Student: 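Encoded as structure tokens, here's the structure I'll be asking about.
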Amino acid sequence: MILLKNGYFVSEENDLIKSDFLINDGKILKMEIGIECDEAEVYDLAGAFVSPGLVDVHVHLREPGYERKETIETGTLAAAKGGFTTIAAMANTIPVPDSVEHVTYINDLLDKSAKVRVFPYAAITIGERGEEIVDVETLANMNILGFSDDGRGIQEAGVMYQAMKRAKEVNKPIVAHCEDDSLLFGGYLHDGEYAKENGHKGILSVSESAQIARDIMLAQATGVHYHICHISTKESVELVRFAKQQGIHVTAEVSPHHLLLCDMDIKNDDTNYKMNPPLRSERDRLACVEGLLDGTIDVIATDHAPHHEDEKARNLYEAPFGIVGLETAFPLMYTHFVKTGIMTLNQLVNCMSRKPADIFNLPYGKLEVGAIADLTIIDLEKEMKIDPQHFVSKGKNTPFTGYCVSGWPVMTLVDGKIVYQAMNL
Ligand SMILES: NC(=O)N[C@@H](CC(=O)O)C(=O)O
Ligand SMILES: [Zn+2]
Ligand SMILES: [Zn+2]
């Protein structure tokens with residue numbers, strides 16, 4: 001039994017409410033002030049904030065296959081340190097989880113090494129090659145969150161249509177990285193001011209939005225739950241807004257970096273600003289913020305994409321796409337969106353915990369008596385500079401080095417067990 005004393009949670013009305021939390025057998029047993037319990041291990045939260053455990057539906061753990069970049073152990077430790085209790089692992093590993101054998105192998109590795117709850121995605125197509133669809137009906141029964149070929153778009157409309165039809169039948173979402181390869185023209189940064197001024201090849205916004213437009217029509221035709229990964233352009237947001245108005249079952253995520261940065265924030269061709277989709281224009285960034293605030297975009301997902309230092313040391317053209325995010329997402333969002341009054345703390349908790357659980361039909365993201373005891377304790381006052389050398393992730397590739405932010409997670413509980421605890425708590 002664990003007793004957390006003197007915490008605060010946030011109500012739907014965005015009021016901070018003082019409470020103790022008694023946790024037993026993986027559940028919240030009591031939630032009120034003045035709980036006493038002799039048998040419990042007691043922790044004084046000293047006024048810290050208690051959030052339902054954060055949920056990240058878009059993480060690259062890299063294992064199996066790319067253990068040099070990250071392992072299940074280091075990636076899930078980073079999740080725990082960042083306050084995430086449930087994460088979903090993308091399928092661009094070696095092997096790709098595209099068969100019963102490969103999904104079983106990955107689930108076994110997760111059972112052995114994961115420090116937080118992890119659901120893998122199964123791929124949509126064999127080898128994420130966009131051609132042959134996986135055995136959707138069988139894989140749907142294997143503890144997977146949904147189907148995704150993240151890292152690549154599905155180029156053929158017919159392949160996507162058939163995958164959606166089959167996913168709909170088994171009640172699983174299609175989680176889509178939207179990118180039309182025929183519209184890339186060798187680009188590797190957003191086709192905007194920074195690319196032009198510095199002589200780089202640009203990625204058109206339409207390479208994302210054109211595929212989203214296609215897929216929204218396919219989602220309407222099939223009735224599948226279609227979830228869009230890392231949305232980044234104004235046009236994409238407008239398409240999702242339209243789709244929701246039509247009653248099409250579409251959800252979308254946005255990453256903290258697309259909410260915080262635009263292409264003009266790139267400094268000195270630093271590859272820590274290179275990710276896919278790229279940092280877009282300020283106008284796109286503002287559209288993403290607006291979309292998140294009005295509910296067009298449902299959730300925040302980090303797209304934690306660790307790479308080795310050697311790989312990121314290459315030039316902008318040659319370095320791989322991707323930045324880490326698990327250990328900085330909450331403090332960045334809290335500091336730049338809640339403290340500035342752009343969104344409420346309750347809205348942030350909704351976007352990072354309740355809604356990601358809800359849209360994927362997971363029983364998490366709840367802070368109430370009887371709920372599963374996935375809790376994140378956050379020191380909203382604690383201010384600290386982001387220093388990648390302190391990351392537990394193997395990936396140090398962040399553009400946020402030196403940002404002074406507050407709202408650091410200090411304790412994370414999964415199923416009522418402490419999986420992370422800061423030294424000073
Ligand atoms: N986002 C990225 O820039 N990179 C991701 C792939 C992806 O999410 O598309 C990766 O696996 O490195
Ligand atoms: Zn992607
Ligand atoms: Zn990704």
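We use all heavy atoms of the structure for the numbers below, so side chains are in, but hydrogens, waters and symmetry mates are not. Counting convention: from 1, in listed order, for ligands and their atoms alike. Only a predicted model underlies this, so the values are computations on that prediction, with no experimental measurement involved.
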Student: Would you kindly specify which portion of Asp303 sits under 4.0 Å from ligand 1, judged on non-hydrogen atoms: side chain, backbone, both or neither?
Tutor: side chain
Student: Have a look at ligand 1 and work out which part of His307, if any, has a heavy atom under 4.0 Å from it: side chain, backbone, both or neither.
Tutor: side chain
Student: Which of the numbered atoms in ligand 1 are below 4.0 angstrom from a heavy atom of Phe321?
Tutor: 2 (C), 3 (O), 4 (N), 12 (O)
Student: On a heavy-atom basis, I'd like to know which of Met90, Arg62, His304 is closest to atom 10 (C) of ligand 1.
Tutor: Arg62
Student: Gly322 heavy atoms, cut-off 4.0 Å: which ligand 1 atoms fall inside?
Tutor: 2 (C), 3 (O), 4 (N)
Student: Considering non-hydrogen atoms only, spot the tightest contact between Thr412 and Gly83 and give its length.
Tutor: OG1-CA, 3.7 Å
Student: Within a reach of under 6.0 Å around NZ of Lys244, are more than 12 heavy atoms found that belong to other residues, nucleotides or ligands?
Tutor: yes
Student: Which residue supplies the protein heavy atom nearest to atom 8 (O) of ligand 1, what is that atom called, and how far is it?
Tutor: Asp150 OD2, 2.9 Å
Student: Side chains of His200 and Tyr194: any donor to acceptor distance under 3.5 Å?
Tutor: no
Student: Could you tell me which atoms of ligand 1, counted from 1 in the order shown, lie closer than 4.0 angstrom to a heavy atom of Gly151?
Tutor: 6 (C), 7 (C), 9 (O)
Student: Quick one: does Arg152 get within less than 4.0 Å of ligand 1, heavy atoms only?
Tutor: no
Student: Go through ligand 1 atom by atom and flag the ones less than 4.0 Å from a non-hydrogen atom of Met275.
Tutor: 3 (O)
Student: Could you list which atoms of ligand 1 come closer than 4.0 Å to a heavy atom of His230?
Tutor: 8 (O), 9 (O)
Student: Any sub-3.5 Å donor-acceptor pair from Thr74's side-chain atoms to Glu70's backbone N or O?
Tutor: no
Student: Given that the side chain starts at C-beta and the backbone is N, CA, C, O, which of these parts of Ile323 lies under 4.0 Å from ligand 1, counting heavy atoms, or is it both or neither?
Tutor: neither
Student: Around the Zn ion (ligand 2), what protein N, O or S atoms are found below 2.8 Å?
Tutor: Asp150 OD1, His177 ND1, His230 NE2
Student: Report, in ascending order of atom number, the atoms of ligand 1 lying under 4.0 Å from any heavy atom of Asn92.
Tutor: 10 (C), 11 (O)
